[in-house]
Every structure is written in structure tokens, then in C-alpha cells.
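Structure, as C-alpha cells:
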Amino acid sequence: MSDREHDVVCFGATGFTGGLVAEHLAQHAPPGARWALAGRNRAKLEAVRARLGVDVDLLHADVEDPASLRAVAESTASVITTVGPYITYGEPVVAACAAAGTAYVDLTGEPEFVDRMYVAHHRRAAETGARLVHSCGFDSIPHDLGVQFTVEQLPEDVPIAIEGFVRASGGASGGTVASAMLIMARARQARQAAAARRRLAPDPGGRRVRAVLGRPRHDGEEQAWLLPMPTVDPQIVRASALALPRYGPDFSYAPYLALKRLPQAAGLAGGVGALAAVSHLPAARRLVSSRLPAGEGPSPEQRAKSWFKLRFRGEGGGERVVCEVTGGDPGYGDTSKMLAESALCLALDDVPAVAGQVTSAQAMGPALRRRLQRHGIGFEVAADG
């Protein structure tokens with residue numbers, strides 16, 4: 001990829017999260033890194049470039065113009081896209097990168113999109129050498145790399161069971177709420193996409209790999225009420241475990257949201273249920289979108305107060321370990337770090353020679369973990385483990 005004009009192109013920098021990704025690149029891309037901004041509105045791109053105070057190229061890219069996406073993909077080693085909902089706007093960018101042999105990263109939390117892109121583009125990406133890496137934000141880097149880090153602390157070639165416990169504080173943007181409602185409204189289509197992917201998935205070769213949807217309960221060790229998380233995270237972790245024999249002959253992962261008080265857990269469960277109910281009504285989705293417009297999100301002051309902690313309890317071969325992944329604002333501040341550093345890692349670092357639709361653990365693993373640690377995201381064995 002050294003013969004390409006750019007190392008990284010950020011598509012979507014005129015949006016809320018994309019703007020934060022561009023800020024991270026402006027402040028932390030290594031000297032000599034060649035990066036650019038892409039979008040369909042040049043005036044808005046020029047405003048972002050002026051705000052950042054950087055001298056970078058501006059490229060035309062429009063999801064309704066395949067030729068523009070093809071030109072961008074062929075000009076760079078890696079593409080970042082924050083243009084969602086991905087089920088609506090994402091596939092043209094994936095297709096362009098798969099055809100051009102270009103690394104691709106996004107921050108999708110949409111399981112249906114991940115499965116559909118595997119069915120449609122994994123084979124072509126494997127042929128061209130492209131690496132298509134979905135969910136490179138808070139969904140699902142802390143889960144994927146955190147589980148991999150926990151596995152590394154346990155013996156090899158033994159059954160491994162890991163539970164993950166998520167604690168977090170932070171606000172939501174209009175785009176995030178819109179994506180969540182779209183995911184809930186498309187549950188049937190998501191099941192169909194998952195079934196289509198399973199038909200194409202490679203044989204695990206006698207190994208067993210499971211993503212476990214647990215049950216609500218109180219956990220004395222965590223001193224918290226646990227709610228199972230039917231998110232994209234266990235899907236990503238399962239894909240990593242299927243691809244990497246280091247996860248052992250029999251692997252399971254069960255993620256939970258950990259809440260200190262029962263009323264808090266009950267209120268959250270009720271709120272999610274209500275959102276799921278109204279998500280099937282187009283008029284309700286439009287009303288929510290009008291109250292929380294895409295492109296708007298938490299203020300810098302709100303983001304500065306936000307944080308996350310994921311704890312992983314792992315058991316295997318008669319040994320037990322507890323590991324933690326910690327950071328700041330999960331939805332935006334640290335998501336932008338994760339996404340930008342993933343693209344830089346794929347473009348610039350010595351990483352495994354894999355291709356196709358792959359995960360962050362499979363494609364980058366410790367190399368990305370080291371990058372994130374330099375930017376304040378912790379990966380540690382817990383003292384109480």
C-alpha cells in the first residue's frame with residue numbers, strides 16, 4: 001500500500017463522531033502519515049479542515065456515486081467511515097474497499113449489517129487482500145480486545161469460559177438513537193441475515209464456540225444487577241474465537257450490563273422495551289429523530305465526565321483470571337480514538353496477514369492494544385483476580 005496516495009481517509013468527518021475522529025487524526029497521526037477527509041459537501045469539508053488547522057487533501061465521496069467511492073478506495077491504504085445507519089448507507093463503501101483491496105473500518109453496532117456484508121463481500125475481499133473490520137468503536141473494541149487479552153492470561157488448548165461486565169456513563173447522539181431504533185425495527189431481517197451467514201461460515205474443525213445470552217440476576221462478586229446484552233459485541237467476539245485457535249477447543253462468552261441498584265436495572269430494561277416497541281412505528285422514529293437530530297451529541301464537558309469499565313472473569317484449565325478494560329467517554333471520545341487508531345494500525349503497523357471480513361482481534365490484536373494504551377485506554381489484570 002506504500003504506493004497509494006494516502007494512508008488513511010476519513011469519510012463522514014462533517015458529522016458528530018466523524019468530526020471527533022478527524023480531531024484525533026489531526027492531533028495524533030504520526031509525522032509523515034498521509035491522511036485525508038472525504039465527503040460529498042466540499043464547503044463543509046473545508047470548514048472541518050479550517051477548524052482543525054491542518055493541511056490535508058479533501059476528496060469527493062458520495063454513497064450514491066460508486067465511481068467516487070471507488071476512486072477514494074483506490075487512493076488509500078485504509079478507509080474510515082462514520083456514515084450511518086450502516087444498513088442504509090454502508091454497503092457502497094464496503095463494496096469499494098473490497099474491490100480495491102483496501103482496509104475498511106467502521107463503528108457499526110448493527111448485527112444485520114455485519115452479517116450481510118460478510119455474505120456479500122467477504123469472498124471478494126479475501127481475493128483482493130482487503131481487510132473489512134466492522135465495529136471498531138465502543139462496539140466492539142473493548143469486548144473483542146478485552147476478551148483476547150483475558151484469553152492470553154489463561155492456559156492454551158483448554159476449554160475457556162468468559163463473562164464480561166460492562167459499566168459505563170455517557171450521553172447519546174441523535175445518530176446513535178436512530179441506529180438503535182432501526183436495529184430494533186429490523187429484528188426479522190437480522191435473523192435472516194444471520195442464517196445466511198451461518199450457511200457460508202467455515203467449519204470450526206471440531207472446536208465449539210458460543211456466544212451465550214445469560215439471564216438477569218444479581219452477582220455478589222460484582223455487587224451488581226446483571227442484564228444480558230443482546231448487542232453486536234458477542235457476535236464479534238464469537239467471530240474472533242472461531243478464527244483464532246488460541247481461544248481453545250471449547251469457548252464461551254457471556255456479556256452483561258452491570259448496574260448497582262435494582263430500580264436502575266428495572267428502569268433501563270423498561271426503557272429499552274418501550275423504545276423497541278415504538279421503533280416499529282415509522283412516525284415514532286421520525287419524532288425521535290426530530291428531537292435528537294443526527295450530527296448532534298454530548299458537549300465536551302459532558303464527554304469529559306463520561307467513563308467506562310469492562311471486567312472479564314475468565315476460567316480455563318483450572319485457572320481463573322479477572323481483567324479490566326477502562327477508558328473515558330465510551331460513545332464518542334474513546335470511540336473516535338479506537339476508530340482512528342484502528343485505521344492507522346491497519347495502514348502503518350506490522351499486523352497479521354489476513355484478508356476478508358475479519359475482526360479487530362484477528363486483524364490487529366496486540367498491535368492495536370498497544371496503540372490504545374498509549375492513548376489512555378487501559379488493559380490490565382485486576383488486582384482482585
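Along the sequence shown, residues are numbered consecutively beginning with 1.
- Heavy atoms only, all atoms of each residue included: Ser342 and Cys136 are closest at OG-CB, 3.8 Å.
- Although no hydrogens or angles enter the test, the distance criterion places no donor-acceptor pair under 3.5 Å between the side chain of Arg40 and the main chain of Val63.
- Residue pairs satisfying the ring pair (Phe, Tyr, Trp, His ring centres under 6.0 Å) criterion with at least one member in residues 92-114, sequence neighbours excluded, are listed as follows: Tyr86-Phe113, Tyr104-His134, Phe113-His134.
- Panel note: side chain Arg131, backbone Leu346; a donor-acceptor pair is recorded below 3.5 Å.
- Not a single donor-acceptor pair under 3.5 Å links the side chain of Arg313 to the backbone N or O of Phe165.
- With rounding to the nearest 0.5 Å, the separation of CG in Asp106 from CG in Leu132 is 9.5 Å.
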Which atom pairs, donor and acceptor, lie under 3.5 Å between side-chain atoms of residues 189-204 and protein residues at least two apart or in another chain?
| from | atom 1 | to | atom 2 | distance (Å) |
| --- | --- | --- | --- | --- |
| Arg197 | NH1 | Asp115 | OD1 | 3.2 |
| Asp203 | OD1 | Gly205 | N | 2.7 |

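- Each side chain to side chain donor-acceptor pair (under 3.5 Å) pair with one or both residues in residues 47-61, not counting sequence neighbours, appears once here: His6-Asp57, Glu23-Arg51.
- The backbone N or O of Arg371 lies less than 3.5 Å from no partner atom in the side chain of Glu341, so there is not a single donor-acceptor pair.
- In the hydrophobic clustering, where aliphatic and aromatic side chains (Ile, Leu, Val, Met, Phe, Trp, Tyr) are joined below 4.5 Å either directly or transitively, Val232 groups with Val114, Ile236.
- Judged as a side chain to side chain donor-acceptor pair (under 3.5 Å), the pairs with a partner in residues 116-130 (not counting sequence neighbours) are, in order, Glu91-His121, Glu112-Arg116, Arg124-Glu127.
- Sequence neighbours left out, the pairs with a member in residues 301-329 that pass ring pair (Phe, Tyr, Trp, His ring centres under 6.0 Å) are Phe138-Phe308.
- Counting only distance, with no hydrogens or angles, the side chain of Ser336 and the backbone of Gly333 share a donor-acceptor pair below 3.5 Å.
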Worksheet entry | Worked verdict on Tyr256 versus Arg217 for side chain to side chain donor-acceptor pair (under 3.5 Å) | CA-CA 10 Å; Tyr256 297 90; Arg217 70 179 198 271; 3.0 Å; yes
